[in-house]
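See structure below.
Quick note: numbers below take in every heavy atom, side chains included, and nothing from hydrogens, waters or symmetry partners.
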Amino acid sequence: MPSSKTSYSTETKTKLRDVFANTPRIINLVWKAIPRLFIVSIALTLIIAAIPPIELYVNKLVVDFVVNSIGKPSIVWKTLGLLLTFRISLGLGKEALNQINFYIKMLVRDSCLVHTENALLEQAIRLDLAHYELPEFYDTLKRAQEGGSNYPVMVLESLTRMFGQIVSFAGLLVLLLRFNVGIMLLLLLSVLPTLFVSLRFSKLHFWMKRHQTQSWRMAHYLQDVMTENEFAKEVRLFDLGNYLLQRWQTIRYQFNREFAQLTRRQSSVSGVAQVLTNVGFYAAYGWAILKTVRGQISLGDFTMYTGAFEQSQGLLQGILESFSHVYEFNLYVSQYFDFLNLKPQVLNPNNPRSFPNPLQSGLELKNVSFTYPGASKPTLKNINLTVKPGESIALVGINGVGKTTLLKLLTRLYDIDSGEITFDGIRIDRLDLQDLRRNIGIIFQDFARYNLTAQDNIGFGNLPELENLSLIDRAADNAGAKPTISGLESGYQTVLGKVFDGGTDLSGGQWQKIGLARAFTIAAPILILDEPTAALDAIAEYELFQKFRQLTKGKMTFFVSHRFSTVLLADRIVVLDNSQIVEVGSHEELMTKDGLYAQMFRLQASSYNG
């Protein structure tokens, strides 16, 4: 079971070696998304990168040809025309390749985004429920959603750009080494401060955003409260709008202040670094002028070298900037991999056993204890209970004593801390997980309300039979939802909820019948109903009770209810208090015992009697 101490680290490695260790994994990620276009994009980038040094050299040839032709009676126009045609072709070809490469990069970026989002969602549904109990998990998820958006492909784009810049720089280096090696060293040293600034502030921006994660989540939550239908009524009835908006503004304005402060620091330091860069360039530029005036190099050489100085310095800055971007983007992608590295704890066993259907001896819990992740006290302690096949059990107790938790353990949404749960003597953790859950029909009090069709909302209880309308219709009839479906404009194809166009919202009682129908879609030997009639009116509850005995006949059934009219349907009543079972028996036996159950029953009865 995950814990905040072991599964969710607040530390992230920011050393260059550690950060760049993710790069092979990022390359593999993008490669899986769209391998062929990825190769094409790299090839195009390298071809485009080789063009600038050639352009400079052709410019030199043109200038020298023109200068040498001044004052001569005849010019070899054909040679000049060929040079100019070649130069123009290089420029047009580079621009065409840039446009093609831009198109391909957009395809790669979009495909990579789909791939990374798909991997994140696969991981989210693979992780078990225990992860979702911890605030740290949501911080990790939020960071992963940001880090897995465009950052993986941005790392690859930066790497590809850097390799292209290196190719261009290598071509320029061939030209510049003929001029002066010392000048090259000067140009290199003049751009190193830029690298330091980029790396330093990339890390600072990353940590600023990382420390803001939980506040960002709060800001987004406040936005949801102010904009979603679920909260709209209370926001207006209790005049919460301005209060919530002020809380949102407090968070967002604080972010703006922190960003402005860091950006101001970066701008001032970057200004100093840029001055040093300019000093290096103009020193090289002045040296080239001096050599030209002395006649040591031609005017064509001067244009070539000064252009090469400028481009080389820009390329060096670009290489170092791309390097810092790879570093920065890797930091964000590392958060994406942090999420992908999380491991589910509730796993299917090796050589799993099939669920015993039909049950012979039934269910047994022996000294079962369970504590939620991050909680300091156990929710259940030393639970012992035996349930026979076909027996119905009502779980009774005040809120928070572990009734619903006990039922979650039976479906292995969590693994117990200690003790043993067995079906026909087979430990629950030895059973095939999907087979176990296929054999349990269940509706929890907080069942999901999908903004999808009525058919989806019911059929999700038995996904392989989602298109079996006769089965879905029978489940709806058994749950009392048939009149609700009949009243919908498009029947089972009506979208429920108000989120999408054409959607129809339902009352709480109607939604509960839909949820019950979902539980009835599967012919399972075990049925779990958590507050099955909480939102139903008295007439609907009575009608449903008439069907309950027939629907639950032969099934092991568990009821959780605060309505004792529901409890009376059970063969035995299990009373929980202080995380333990304190009473077990029929209604008559527990009333005779005159314990906690009898006290609760009389209190509820007195509220009806006035």
Taking Thr453's backbone N and O only, do any of them form a donor-acceptor pair with Asn457's side chain (distance below 3.5 Å, no angle check)?
yes
Backbone of Leu113 reached by a side-chain donor or acceptor of Thr116 within 3.5 Å
yes
With a 3.5 Å distance limit and no angle check, can you tell me whether Arg437 reaches the backbone of Asp432 through a side-chain donor-acceptor pair?
no
What distance do Thr411 atom OG1 and Ile440 atom CD1 have between them, rounded to the nearest 0.5 Å?
6.0 Å
Any donor-acceptor pair under 3.5 Å linking the side chain of Lys555 with the backbone of Ala524?
yes
Compare every heavy atom of Ser579 with every heavy atom of Ile383, then report the nearest pair and how far apart it is.
CD1-O, 3.7 Å
Quick one: pull up CE in Met226 and CG in Asn242 and give me the separation to the nearest 0.5 Å.
10.0 Å
For the CG atom of Asp417 and the OG1 atom of Thr371, what is their distance to the nearest 0.5 Å?
4.5 Å
Report the relative orientation of the aromatic rings in Phe460 and Tyr450; use parallel for angles under 30°, tilted for 30 to 60°, perpendicular for over 60°.
perpendicular
So does Gln434 have more than 12 non-hydrogen atoms from other groups sitting under 6.0 Å from CD?
no
State plainly whether the residues Glu391 and Arg572 are in salt-bridge range, i.e. N to O under 4.0 Å.
yes
Can you tell me if Asp338 and Thr140 form a side-chain donor-acceptor pair at under 3.5 Å?
no
Can Arg217 and Asp139 be counted as an ion pair, charged N to O under 4.0 angstrom?
yes
Heavy-atom distance under 4.5 Å between the side chains of Pro378 and Ser369, does that happen here?
no
d(Met218 CE, Ser215 OG) to nearest 0.5 Å is 8.0 Å
Using only atom types and a distance under 3.5 Å, with no angle test, would you say the side chain of Thr504 pairs donor to acceptor with the backbone of Leu496?
no
For Ala519 and Leu527, the nearest pair of non-hydrogen atoms, with its separation, is O-CD1, 4.1 Å
For residues Asn118 and Glu122, is any side-chain donor paired with an opposing acceptor at under 3.5 Å?
yes
Check side chain to side chain contact (heavy atoms under 4.5 Å, CB included) between Leu469 and all other residues, then give those that pass, not counting sequence neighbours.
Gln455, Tyr492
At their closest point, which heavy atom of Pro358 faces which heavy atom of Gln360, and how far apart are they?
O-NE2, 3.4 Å
Evaluate the side-chain contact (heavy atoms from CB on, under 4.5 Å) criterion for residues Leu466 and Asp456: first the C-alpha distance (whole Å), next the side-chain angles of each, then the deciding distance (0.1 Å), finally the verdict.
CA-CA 7 Å; Leu466 183 60; Asp456 289 332; 3.9 Å; yes
Checking Gln123 against Arg126: is there a side-chain donor and acceptor pair closer than 3.5 Å?
yes
Are Leu406 and Leu365 packed together at the side-chain level, in the sense that at least one heavy-atom pair is separated by less than 4.5 angstrom?
yes
Can you sort out the partners of Ala523 under side chain to side chain contact (heavy atoms under 4.5 Å, CB included), two or more places apart, ordered by chain and number?
none
Please name the pair of heavy atoms, one in Ser354 and one in Ile426, separated by the smallest distance, quoted to 0.1 Å.
O-CD1, 4.5 Å
Is there a side-chain contact (heavy atoms from CB on, under 4.5 Å) between Phe370 and Leu409? Walk through the geometry before answering.
CA-CA 9 Å; Phe370 174 76; Leu409 298 180; 4.0 Å; yes
Checking the side chain of Asp435 only, and the main-chain atoms of Phe355 only, is there a donor and an acceptor separated by less than 3.5 Å?
yes
Side chain of Asn341, backbone of Phe337: donor and acceptor closer than 3.5 Å?
yes
Check against side-chain hydrogen bond (donor to acceptor under 3.5 Å, both in side chains), Thr404 and Asp530:
CA-CA 7 Å; Thr404 299; Asp530 186 1; 2.9 Å; yes
Does the side chain of Leu127 come within less than 4.5 Å of Pro344's, by heavy atoms?
yes
What I'd like to find out is whether the side chain of Leu120 reaches to under 4.5 Å of the side chain of Gln145, using heavy atoms alone.
yes
Verdict with reasoning, Thr557 to Ile393, per side-chain contact (heavy atoms from CB on, under 4.5 Å)
CA-CA 6 Å; Thr557 309; Ile393 301 293; over 6 Å; no
Just by distance, no angles: are the side chains of Glu465 and Asn462 close enough, under 3.5 Å, to form a donor-acceptor pair?
no
Does one side chain, of Asp424 or Thr422, offer a donor that lies under 3.5 Å from an acceptor on the other?
no
The side-chain hydrogen bond (donor to acceptor under 3.5 Å, both in side chains) partners of Ser41 (sequence neighbours excluded) come to Asn101
Would you check if the side chain of Asp128 reaches a backbone N or O of Gln345 as a donor-acceptor pair within less than 3.5 Å?
yes
I would like to know whether Tyr151 and Tyr336 meet ring-ring contact (aromatic ring centres under 6.0 Å, His included); could you show each step before the answer?
CA-CA 9 Å; Tyr151 284 109; Tyr336 175 75; over 10 Å; no
Out of curiosity, Trp511 CH2 to Ile514 CD1, how far, rounded to the nearest 0.5 Å?
7.0 Å
Assess, by modelled atom type and distance only, whether the side chains of Asp473 and Ser470 contain a donor and an acceptor separated by less than 3.5 Å.
no
Just say parallel, tilted or perpendicular for the rings of Tyr597 and His587, cut-offs at 30° and 60°.
perpendicular
Angle between ring planes, Tyr138 versus Tyr132, binned at 30° and 60°: parallel, tilted or perpendicular?
perpendicular
Are a donor atom and an acceptor atom from the side chains of Thr405 and Tyr414 found within less than 3.5 Å of each other?
no
Using every non-hydrogen atom in the two residues, find where Gly402 and Leu380 come nearest and quote the distance to one decimal.
O-CD2, 3.7 Å
Decide yes or no for Leu452 and Val495: does some side-chain heavy atom of the first lie under 4.5 Å from some side-chain heavy atom of the second?
no
How many angstroms lie between CG in Asp429 and CD in Glu420, if you round to the nearest 0.5 Å?
8.0 Å
